[in-house]
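If you read the sequence from its start, that first residue is 1, and numbering goes on from there. For clarity, every value in this text was computed on a predicted model and none was experimentally measured.
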Amino acid sequence: MELGGDAVPCGKDKFISRNELLLHLKTYNIYYEGQNLQLRHREEEGELIVEGLLNISWGLRRPIRLQMQDDNQRIRPPPSSSSWHSGCNLGAHGSVLKPSTLPDIPLADGDSAPGMENPGNGAAPRPAEEAPQLMRTRSDVGVRPRGSARTPGEQRRLRRHRFSINGHFYNHKTSVFTPAYGSVTNVRINSTMTTPQVLKLLLNKFKIENSAEEFALYMVHTSGEKQKLRGSDFPLLARILQGPCEQVSKVFLMEKDQVEEVTYDVAQYIKFEMPILRSFIQKLEEEEDREVKKLKHKYSILRLMIEQRLEEISEGPTAM
């Protein structure tokens with residue numbers, strides 16, 4: 001099948017007309033009017049390219065490892081879209097920190113419960129040059145003998161090593177990063193970037209050591225439907241075609257081995273109570289039994305007809 005110039009690929013053997021895509025894009029930008037999540041489009045050698053920020057929610061069940069650096073090296077936000085602040089500190093509508101500011105990284109109180117951030121006291125924020133820098137050191141995991149309990153002092157020191165980065169917790173002694181489930185970051189991409197490329201860009205943004213092969217992007221709907229984005233899919237186009245409202249669907253980063261796809265046919269039953277689901281199963285089993293009986297009856301009749309015909313042929317006059 002020969003495709004004209006108006007067809008835009010949106011996945012393997014999937015295409016959308018240019019006019020339809022532009023219509024979806026117009027709706028998307030109206031929804032985010034006045035916000036930095038609006039998308040731009042341009043023509044490049046006759047190809048329509050859309051570019052902008054894509055919101056991605058953290059859906060990881062296990063901590064992830066950050067790349068190790070020398071003890072004396074400080075982590076500074078790189079001067080590109082891969083900086084910590086480019087998508088980590090989001091406002092209500094996806095707004096991000098200005099590039100001229102560093103992310104506010106408050107230290108957790110040593111005497112507070114692990115994972116709890118200090119409440120704001122109304123003090124003015126530090127100037128950019130006084131903002132604390134994260135130190136990454138060699139991991140001491142496994143050094144403590146197995147089975148030995150930590151003293152209260154050790155527990156306080158461990159809590160002091162946990163930084164809160166806009167709700168995400170980072171332990172600079174073990175280089176372990178624990179994103180808060182459902183929290184949102186974003187990456188600047190374009191419509192020609194495939195799912196593996198977007199994954200690698202996101203991992204590079206946070207200097208994550210894990211392989212991109214461990215993760216996948218999923219389109220998760222409020223109905224419970226989970227659709228995995230294939231390697232040939234273009235996440236930005238998938239987001240545009242699903243519509244801009246994240247109360248309907250979100251793009252999630254999840255572990256491949258922790259998530260199963262849920263089709264719409266299955267998702268529509270997820271929110272029902274167990275007694276109702278059992279009644280559905282009973283009805284389906286009854287319908288299955290009826291269909292099995294119909295098939296058996298049909299083929300038993302056919303078998304009888306064939307047997308009768310064979311008898312007629314065998315009892316017929318022999319050839320002279």
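The salt bridge (charged side-chain N to carboxylate O under 4.0 Å, His left out) analysis of residues 45-64, with sequence neighbours excluded, yields the pairs Arg40-Glu51, Arg42-Glu51, Arg62-Asp257. Here salt bridge (charged side-chain N to carboxylate O under 4.0 Å, His left out) pairs that include residues 227-237, with residues two or more places apart or in two chains, are Lys14-Asp233, Arg230-Glu261. The list of salt bridge (charged side-chain N to carboxylate O under 4.0 Å, His left out) pairs with a residue in residues 283-292, not counting sequence neighbours, reads Glu291-Lys294.
Applying the salt bridge (Lys or Arg N to Asp or Glu O under 4.0 Å) test to Glu213 and every residue at least two apart in sequence or in another chain returns Lys256. In this view, Arg278 satisfies the salt bridge (Lys or Arg N to Asp or Glu O under 4.0 Å) rule with no residue, not counting sequence neighbours. Applying the side chain to side chain donor-acceptor pair (under 3.5 Å) rule to Asn190 yields the partners Thr192; only residues at least two apart in sequence or on another chain are considered. For Glu214, the side chain to side chain donor-acceptor pair (under 3.5 Å) test picks out Asn210, with sequence neighbours left out. Take Leu277 and apply the side chain to side chain contact (heavy atoms under 4.5 Å, CB included) test, not counting sequence neighbours, and it matches Tyr269, Phe272, Met274, Phe280. Remark: Thr27 pairs with no residue by the side chain to side chain contact (heavy atoms under 4.5 Å, CB included) rule, at least two apart or across chains. For Glu43, the salt bridge (Lys or Arg N to Asp or Glu O under 4.0 Å) criterion is met by Arg18, not counting sequence neighbours.
Distance check: Ser191 OG to Leu237 CG gives 5.0 Å after rounding to the nearest 0.5 Å. Here the straight-line distance linking atom CG of Leu25 with atom CG of Asn29 works out to 5.0 Å at 0.5 Å rounding. Atom-to-atom distance recorded for Glu255:CD and Ile64:CD1 is 9.0 Å, nearest 0.5 angstrom. Here the CG atom belonging to Leu54 is positioned 9.0 Å from the CG atom belonging to Leu37, to the nearest 0.5 angstrom. The structure places OG1 of Thr195 at 11.5 Å from OH of Tyr218, a figure rounded to the nearest 0.5 Å. Met219 contributes atom CE, which lies 5.5 Å from atom CG of Leu229 (distance to the nearest 0.5 angstrom).
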Decide yes or no on side-chain contact (heavy atoms from CB on, under 4.5 Å) for Val184 and Ile56, but give the supporting numbers first.
CA-CA 6 Å; Val184 181; Ile56 298 178; over 6 Å; no
In sequence, state the C-alpha distance, the side-chain angles, and the governing distance for Val8 and Glu20, and then conclude on side-chain contact (heavy atoms from CB on, under 4.5 Å).
CA-CA 10 Å; Val8 178; Glu20 186 178 355; over 6 Å; no
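Contact of the Asn19 side chain with the Asp6 side chain is not registered, since no non-hydrogen atoms from C-beta on lie closer than 4.5 Å. With contacts defined as side-chain heavy-atom distances shorter than 4.5 Å, the pair His24/Ile16 qualifies. Counting only heavy atoms from C-beta outward, the side chains of Val220 and Met254 approach each other to under 4.5 Å. Annotation: side chain of Leu202 is not in contact with side chain of Val198 (no heavy-atom distance under 4.5 Å). A heavy-atom distance below 4.5 Å is not found between the side chains of Gln197 and Ile189. The closest side-chain heavy-atom distance from Leu199 to Leu253 is below 4.5 Å. In this structure, the side chains of Leu48 and Leu21 come closer than 4.5 Å at one or more pairs of heavy atoms. Annotation: side chain of Thr194 is in contact with side chain of Phe234 (closest heavy-atom distance under 4.5 Å).
Pro235 and Leu217 make their closest contact through CG-CD1, 4.1 Å (heavy atoms, listed as atom of the first residue, atom of the second, distance). The two residues Gly52 and Leu39 come nearest to each other via the heavy atoms CA-CD2, 3.6 Å. Closest approach of Ala180 to Ser183, counting heavy atoms only: O-OG, 2.5 Å. The minimum heavy-atom distance between Phe252 and Trp58, with the atom names listed, is CE2-O, 3.7 Å.
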Side chains of residues 239-248: which donor-acceptor pairs under 3.5 Å do they make with residues two or more places apart or in other chains?
from, atom 1, to, atom 2, distance (Å)
Arg239, NE, Gly243, O, 3.2
Arg239, NH1, Ser249, O, 3.0
Arg239, NH2, Gly243, O, 2.7
Arg239, NH2, Ser249, O, 3.3
Arg239, NH2, Ser249, OG, 2.9
Glu246, OE2, Asn55, ND2, 3.3

Show which side-chain atoms of residues 297-313 pair as donor or acceptor with protein atoms under 3.5 Å away, not counting sequence neighbours.
from, atom 1, to, atom 2, distance (Å)
Ser300, OG, Lys296, O, 3.2
Ser300, OG, His297, O, 2.7
Arg309, NH1, Glu312, OE1, 3.2

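Side chains of Thr185 and Lys205: a donor on one and an acceptor on the other come within 3.5 Å.
Criterion: ILVMFWY side-chain heavy atoms under 4.5 Å apart, direct or through other members. Under it, Leu23 and Tyr28 are not part of a common hydrophobic cluster. Residues Leu236 and Ile49 are members of separate hydrophobic clusters, defined by side-chain heavy-atom contacts under 4.5 angstrom among Ile, Leu, Val, Met, Phe, Trp and Tyr.
Heavy-atom neighbours of His221 NE2 from other residues, nucleotides or ligands within 6.0 Å: above the threshold of 12.
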